[in-house]
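Okay, so here's the structure we're looking at.
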Amino acid sequence: MSKAKGSSSNVFDFNDSSSPLASQLANEHRRREAISAREVPTPPKTRYLTISNQKGGVGKTTTAVNLAAGLAKSGLNVLVIDIDPQGNASTALGIEHHSEVDSIYDVLINDLPLADVIATCPELPSLQVAPATIHLAGAEIELVSLVAREQRLQRALDDYARTRQREGLPRLDYVFIDCPPSLGLLTVNAFVAAREVLIPIQCEYYALEGLSQLLKNIEMIQKHLNSKLTVSTILLTMYDGRTNLAAQVANEVREHFPEQVLAAVIPRSVRISEAPSYQQTVITYDPSSTGALSYMEAAIEIAERAASL
């Protein structure tokens, strides 16, 4: 059956910016160009950030490893401390963390120097990782009887900074601490060692549930253990632009925390979910994907905020 001249009912015009696919491609191209044109500033001193949310499944570990990878890809020196017994951050960064590996457990419990457990991410040479092993599952109980139990991670990080200086290694620019979704002694160690808290918030119903309790816990740490700790950054994750709910949640969070919420938003993304199964972050697994672009934008925004902190 012949088709009428000029008809294009079955043909997609990829040059037509009004088509959803073409619009998306054009938008991602603009974002890539904007990222490549931005110079990522080096902070005046090492920034210590704990990634925390007592609510599980909000993209906490995914956020920790991808922000770290984004900054390392930009040429900064980054360390990830994995103190979650599940060891998901170690997996995503391609670091061995079976039970025979020296890990952050040995640092916290056995006073092993942090330098002895750190490994380099195979994909990003300026990204270092202190892995977690299953031994951390019992660390909460073992820490109870130890001297200065809340400051053990902080002391290990201070010693490591001096070791790097002694050996002529460049100063760390960022330290990200990925902790478990609970307020035990591991998380308390993370709060005491950090200067900033970054909270990932899922753009779904009950997003703010439990957040008030987290903020109360942070206030308690500020009062008794670490007066320098601040909630500096909130990142909206798992954003689905097809739903009104996601936009409503984003607006609500921005109203509550206008200074802390990043402009960058992390979408729901298959690529972000796939990357850990290949022992990679989405930054290295699929750097051109919208998930990688979003995390790069968030990483750059965090770096650009350094001067105001």
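Taking a 6.0 Å sphere around CG of Asn244, one finds it holds 12 or fewer heavy atoms contributed by other residues, nucleotides or ligands.
Judged purely by atom type and a 3.5 angstrom limit, Ser126 uses its side chain to pair as donor or acceptor with the backbone of Ala72. Formation of a donor-acceptor pair under 3.5 Å by the Glu140 side chain with backbone atoms of Leu185 is found in this model.
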- Task: Show the numbers, then the answer: is there a side-chain contact (heavy atoms from CB on, under 4.5 Å) between Glu297 and Ile35?
- Result: CA-CA 7 Å; Glu297 288 166 342; Ile35 288 170; 3.8 Å; yes
| task | Check step by step if side-chain contact (heavy atoms from CB on, under 4.5 Å) holds for Leu235 and Ile201. | result | CA-CA 6 Å; Leu235 178 62; Ile201 294 183; over 6 Å; no
Can Arg195 and Thr46 be said to form a side chain to side chain donor-acceptor pair (under 3.5 Å), step by step?
CA-CA 10 Å; Arg195 295 294 175 270; Thr46 305; over 6 Å; no
* To do: Could you walk me through whether Val58 and Met238 pass the side-chain contact (heavy atoms from CB on, under 4.5 Å) test, one step at a time?
  => CA-CA 8 Å; Val58 299; Met238 301 183 185; 5.5 Å; no
Test side-chain contact (heavy atoms from CB on, under 4.5 Å) on Ile104 and Leu136 and set out the steps. CA-CA 8 Å; Ile104 198 68; Leu136 269 180; 3.6 Å; yes
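Of the inter-residue distances, the one linking Ile83 atom CD1 with Ile177 atom CD1 reads 6.5 Å to the nearest 0.5 angstrom. Distance OH/Tyr48 to CG/Leu153: 10.0 Å, rounded to 0.5 Å. Going from atom OG of Ser103 over to atom CG of Leu112 covers 9.0 Å, rounded to the nearest 0.5 Å. From Thr281, atom OG1 reaches atom CG of Leu127 across 8.0 Å, with rounding to the nearest 0.5 Å.
Minimum heavy-atom separation, Ser294 to Pro267: OG-CD, 3.3 Å. Annotation for Lys60 and Pro200: closest pair CA-CG, 3.8 Å, computed over non-hydrogen atoms. Taking both residues in full, the closest heavy atoms of Leu157 and Ile81 are given as CD2-CD1, 4.1 Å, listed atom of the first, atom of the second, then distance. Minimum heavy-atom separation, Pro287 to Ala292: O-CB, 3.5 Å. When every heavy atom of Tyr174 is checked against every heavy atom of Ala303, the shortest pair comes out as OH-CA, 3.2 Å. Of all the heavy atoms in Leu172 and Val78, the pair that sits closest is CD2-C, 4.2 Å.
Residues in residues 69-84 take part in these side chain to side chain donor-acceptor pair (under 3.5 Å) pairs, two or more places apart or across chains: Asp82-Ser90. Residue pairs meeting the side chain to side chain donor-acceptor pair (under 3.5 Å) criterion with at least one partner in residues 109-123, sequence neighbours excluded, are Asp106-Asn110, Asp111-Arg152, Thr120-Gln128. For the ring pair (Phe, Tyr, Trp, His ring centres under 6.0 Å) condition, the pairs that include at least one residue of residues 78-105, sequence neighbours left out, are Tyr105-His135.
When side chains are defined from C-beta on, Val253 counts as touching Ile234, because their heavy atoms get closer than 4.5 Å. In this structure, the side chains of Arg38 and Glu304 come closer than 4.5 Å at one or more pairs of heavy atoms. No side-chain heavy atom of Pro122 sits less than 4.5 Å from a side-chain heavy atom of Leu93. Between Ile266 and Tyr239 there is no side-chain heavy-atom pair separated by less than 4.5 Å. For the pair Leu215/Ile199, a side-chain contact is recorded, criterion being any heavy-atom separation below 4.5 Å from C-beta on.
In this structure, Arg47 does not pair ionically with Asp173, as no charged nitrogen and carboxylate oxygen lie closer than 4.0 Å. Under a 4.0 Å N-O distance rule, the pair Arg162/Asp159 qualifies as a salt bridge. At a threshold of 4.0 Å, the pair Arg271-Glu274 counts as salt-bridged, since one of the basic side-chain nitrogens sits closer than that to a carboxylate oxygen.
Every residue was checked against the salt bridge (charged side-chain N to carboxylate O under 4.0 Å, His left out) condition with Arg254, not counting sequence neighbours, and none meets it. Under the rule for a side chain to side chain donor-acceptor pair (under 3.5 Å), Ser273 has no partner lying at least two apart in sequence or in another chain. In terms of the salt bridge (charged side-chain N to carboxylate O under 4.0 Å, His left out) criterion, Asp102 has no residue partners (sequence neighbours excluded).
A donor and an acceptor atom, one from each side chain of Asn53 and Gln202, are nowhere located under 3.5 Å apart. Between the side chains of Asn189 and Thr187, no donor-acceptor pair of N or O atoms lies under 3.5 Å. When only modelled atom types and interatomic distance are considered, Thr62 and Tyr295 share no side-chain donor-acceptor pair under 3.5 Å. Side-chain polar atoms of Asn217 and Gln213 form a donor-acceptor pair below 3.5 angstrom. Side-chain atoms of Asn88 and Thr61 include no donor-acceptor pair closer than 3.5 Å.
Both Val265 and Leu245 sit in one connected hydrophobic cluster of ILVMFWY residues. Membership requires side-chain heavy atoms under 4.5 Å apart, directly or through other members.
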